[in-house]
Protein chains: 2
Amino acid sequence: MSTPDPHNSYDICACAQVRKTARLLTQRYDAALRPAGLKVMQFSILSALAKFLDISMTTLAERLVLDRTGLTRNLKPLERDGLIAIRPGKDSRQRIIHLTDLGREVLKQAVPLWQDVQHQIIDEIGETQIDILHSGLANLNHAAQI
Amino acid sequence: MSTPDPHNSYDICACAQVRKTARLLTQRYDAALRPAGLKVMQFSILSALAKFLDISMTTLAERLVLDRTGLTRNLKPLERDGLIAIRPGKDSRQRIIHLTDLGREVLKQAVPLWQDVQHQIIDEIGETQIDILHSGLANLNHAAQI
DNA sequence: CAATATCACGTGCATATACACGCATATAAA
DNA sequence: TTTATATGCGTGTATATGCACGTGATATTG
């Protein structure tokens with residue numbers, strides 16, 4: 001990865017590497033969360049809502065570093081299933097997303113499942129590695145956002 | 001990330017972290033490759049084909065650590081645009097993917113674009129960090145595949 | 001106050017991704 | 001050789017993701 005070689009972009013593309021890892025982790029986490037009926041992105045959204053409480057679309061999208069229009073569609077199944085409710089804000093352009101009691105309940109049920117898989121992954125690669133990886137990702141995020 | 005806290009899954013989910021980074025990098029790489037008319041996944045596929053030459057669906061999917069059915073659909077636009085051709089193999093169940101001359105040409109045009117953005121990212125976070133990140137991802141991949 | 005710029009958001013379109021299921025071919029067992 | 005099993009692949013369905021574009025509401029100018 002250090003020495004880009006045009007004939008070898010297959011192996012060393014930083015983006016492809018991270019995407020591959022994201023696919024693998026998504027499968028693991030999705031499988032772990034299945035008993036709660038959640039996918040990992042939905043779990044992330046519910047977690048964010050539990051932390052930030054009522055929050056507008058754009059702000060939530062920024063928090064999650066997720067495209068705003070993608071968020072709109074990600075919320076659809078959650079709204080359909082009654083885990084969130086969407087209401088107009090004071091500024092009538094805004095739509096405020098609210099975690100319902102049912103949503104909070106499902107989240108509570110999902111957290112131990114998430115914790116299990118998170119522990120498994122961390123155990124398997126070691127906390128030190130995870131911390132290094134974490135800071136590496138943070139740097140990468142910073143770099144990618146420029 | 002080291003100490004899972006159920007009330008804080010928003011910040012520390014390894015999967016969410018990696019997915020977020022994948023989104024950021026994908027935007028950067030997609031933007032960089034746009035002049036060649038490729039998305040980063042398509043670039044990955046063409047690169048793999050240039051390396052492995054004619055290869056079956058399932059084998060290519062394994063190489064890319066990509067779902068087989070996802071690969072089928074990822075290939076559609078490439079075939080439509082004439083960058084690849086798909087032919088039956090000796091085993092008539094197999095479909096062999098072949099990089100066309102046009103595909104090779106487009107890839108050749110895309111490599112410098114990819115190289116630029118890859119360099120930018122590496123420069124911004126440092127080669128050492130990238131190497132650490134690389135090994136971290138490798139470990140994570142290994143762990144996630146268990 | 002009217003004209004304009006800005007903001008918050010949704011939709012249409014295209015690709016990305018995976019799972020469950022089914023189909024056809026090839027291989028092994030009987 | 002029939003039958004059973006395994007393999008290679010596609011489709012249906014659902015979520016994930018981003019860009020270009022449009023719409024309506026607020027804020028800013030003139």
Side-chain angles (χ1 to χ4, degrees), chain A residues 15-16 18-34 37-46 55-62 64-81 83 86-97 144-145, chain B residues 15-16 18-34 37-46 55-62 64-81 83 86-97 144-145:
Chain A
C15 185
V18 173
R19 286 170 63 98
K20 185 173 76 173
T21 307
R23 285 194 295 271
L24 285 168
L25 285 180
T26 300
Q27 286 182 56
R28 277 289 290 271
Y29 279 69
D30 277 357
L33 291 171
R34 198 161 299 150
L38 293 179
K39 313 259 278 180
V40 65
M41 187 68 235
Q42 302 174 332
F43 177 77
S44 290
I45 291 173
L46 295 185
I55 186 175
S56 76
M57 299 283 304
T58 299
T59 310
L60 180 56
E62 279 167 5
L64 295 170
V65 191
L66 179 62
D67 184 80
R68 184 185 52 75
T69 69
L71 177 60
T72 296
R73 284 181 253 245
N74 280 328
L75 293 179
K76 284 263 165 66
L78 296 174
E79 193 182 15
R80 180 198 62 203
D81 298 343
L83 307 186
I86 301 180
R87 314 192 271 231
K90 287 172 188 171
D91 182 334
S92 69
R93 288 172 302 183
Q94 285 188 335
R95 293 173 37 133
I96 304 298
I97 309 153
Q145 267 171 339
Chain B
C15 184
V18 173
R19 287 170 63 96
K20 184 174 76 174
T21 307
R23 285 194 296 271
L24 285 168
L25 286 180
T26 299
Q27 286 183 58
R28 278 289 291 270
Y29 280 69
D30 276 357
L33 291 172
R34 198 161 299 151
L38 293 179
K39 314 259 276 179
V40 66
M41 187 67 234
Q42 302 173 332
F43 177 76
S44 291
I45 291 173
L46 296 185
I55 186 174
S56 77
M57 299 283 304
T58 299
T59 308
L60 180 55
E62 280 167 5
L64 294 170
V65 191
L66 180 62
D67 184 82
R68 183 185 54 73
T69 68
L71 178 60
T72 297
R73 284 182 252 245
N74 279 327
L75 293 179
K76 284 263 165 66
L78 296 175
E79 191 182 17
R80 179 198 61 202
D81 298 343
L83 307 186
I86 300 179
R87 314 193 270 231
K90 287 172 189 172
D91 182 335
S92 69
R93 290 171 303 183
Q94 285 188 334
R95 291 172 38 133
I96 304 298
I97 309 154
Q145 268 170 338

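The figures that follow rest on heavy atoms only: side chains count, while hydrogens, waters and symmetry mates do not. So that the names make sense, note that chain A is the first sequence line, chain B the second, and so on, each numbered from 1. As the structure is a prediction and not an experimental result, all values here were calculated from the model.
Within the 4.0 angstrom heavy-atom criterion, base atoms lie near B:Thr69.
Side chain of A:Lys39, nearest nucleotide from D:dG10, D:dG12, D:dA16: D:dA16.
At least one donor-acceptor pair closer than 3.5 Å links the side chain of A:Asp30 to the backbone N or O of A:Val40. A donor-acceptor pair under 3.5 Å is absent between the side-chain atoms of A:Arg19 and the main chain of B:Thr26, judged by distance alone. Not a single donor-acceptor pair under 3.5 Å links the side chain of B:Gln27 to the backbone N or O of B:Leu24.
When the C1' atoms of four end pairs are superposed on the next four at each end of the helix from C:dC1-D:dG30 to C:dA30-D:dT1, using five pairs per end, the two resulting axes differ in direction by 10°, to 10°.
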Given side chain to side chain contact (heavy atoms under 4.5 Å, CB included), test B:Met57 with B:Ile97 step by step and report yes or no.
-> CA-CA 7 Å; B:Met57 299 283 304; B:Ile97 309 154; 3.7 Å; yes
Which is it for B:Met41 and B:Leu66 under the side chain to side chain contact (heavy atoms under 4.5 Å, CB included) test, yes or no, and what are the steps along the way?
-> CA-CA 10 Å; B:Met41 187 67 234; B:Leu66 180 62; 3.8 Å; yes
Going through the checks in order, is the side chain to side chain contact (heavy atoms under 4.5 Å, CB included) test met by B:Ile96 and B:Ile55?
-> CA-CA 5 Å; B:Ile96 304 298; B:Ile55 186 174; 5.9 Å; no
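The separation between B:Leu24 atom CG and D:dA16 atom P is 18 Å, rounded to whole Å. Atom CG of B:Leu75 is separated from atom C1' of D:dG10 by 12 Å (rounded to the nearest Å). Straight-line distance from the CD1 atom of B:Ile55 to the C1' atom of D:dG8: 14 Å, rounded to whole Å. For the pair B:Leu66 CG and D:dC9 C1', the computed distance is 14 Å after rounding to whole Å. For the pair B:Asp67 CG and D:dG8 P, the interatomic distance rounds to 15 Å; values are reported in whole Å. A straight line from CG of A:Leu25 to P of D:dA16 spans 16 Å, rounded to a whole angstrom. Distance CG (A:Leu60) to P (D:dA16): 13 Å, rounded to an integer number of Å. Following rounding to the nearest Å, A:Arg68 (CZ) and D:dC21 (C1') show an atom-to-atom distance of 11 Å.
No side-chain donor from either of A:Thr72 and A:Thr69 sits under 3.5 Å from a side-chain acceptor of the other. Using modelled atom types, one finds no donor on one side chain facing an acceptor on the other under 3.5 Å when comparing A:Arg95 with A:Ser56.
The closest side-chain heavy-atom distance from A:Arg28 to B:Cys15 is not below 4.5 Å. Between A:Glu79 and A:Ile86, some side-chain heavy-atom pair lies under the 4.5 Å cut-off.
Side-chain N/O atoms of A:Asn74 include one lying less than 4.0 angstrom from OP1 or OP2 on D:dA16. Of the side-chain N and O atoms in B:Thr26, none sit less than 4.0 angstrom from OP1 or OP2 of D:dG18.
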For nucleotides 23-25 of chain D, print each protein N/O atom paired with a nucleotide N/O atom at under 3.5 Å, atom names and distance only.
{"unit_1": "D:dA25", "atom_1": "O3'", "unit_2": "A:Ser92", "atom_2": "OG", "d": "3.0"}

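Of the candidates A:Leu78, A:Ile45, A:Leu75, A:Leu83 forms a side chain to side chain contact (heavy atoms under 4.5 Å, CB included) with just one, namely A:Leu78.
Taken from NZ in B:Lys90 to CD in B:Gln94, the straight-line distance is 10.0 Å, to the nearest 0.5 Å.
Interface limits on DNA chain C: the 5'-most and 3'-most nucleotides within less than 4.0 Å of chain A heavy atoms are C:dC7 to C:dC19.
Summary of the strand contacts: B:Lys90 and A:Arg19 both lie near DNA chain C, and taking for each the nucleotide with the nearest heavy atom, the more 5' one is attributed to A:Arg19.
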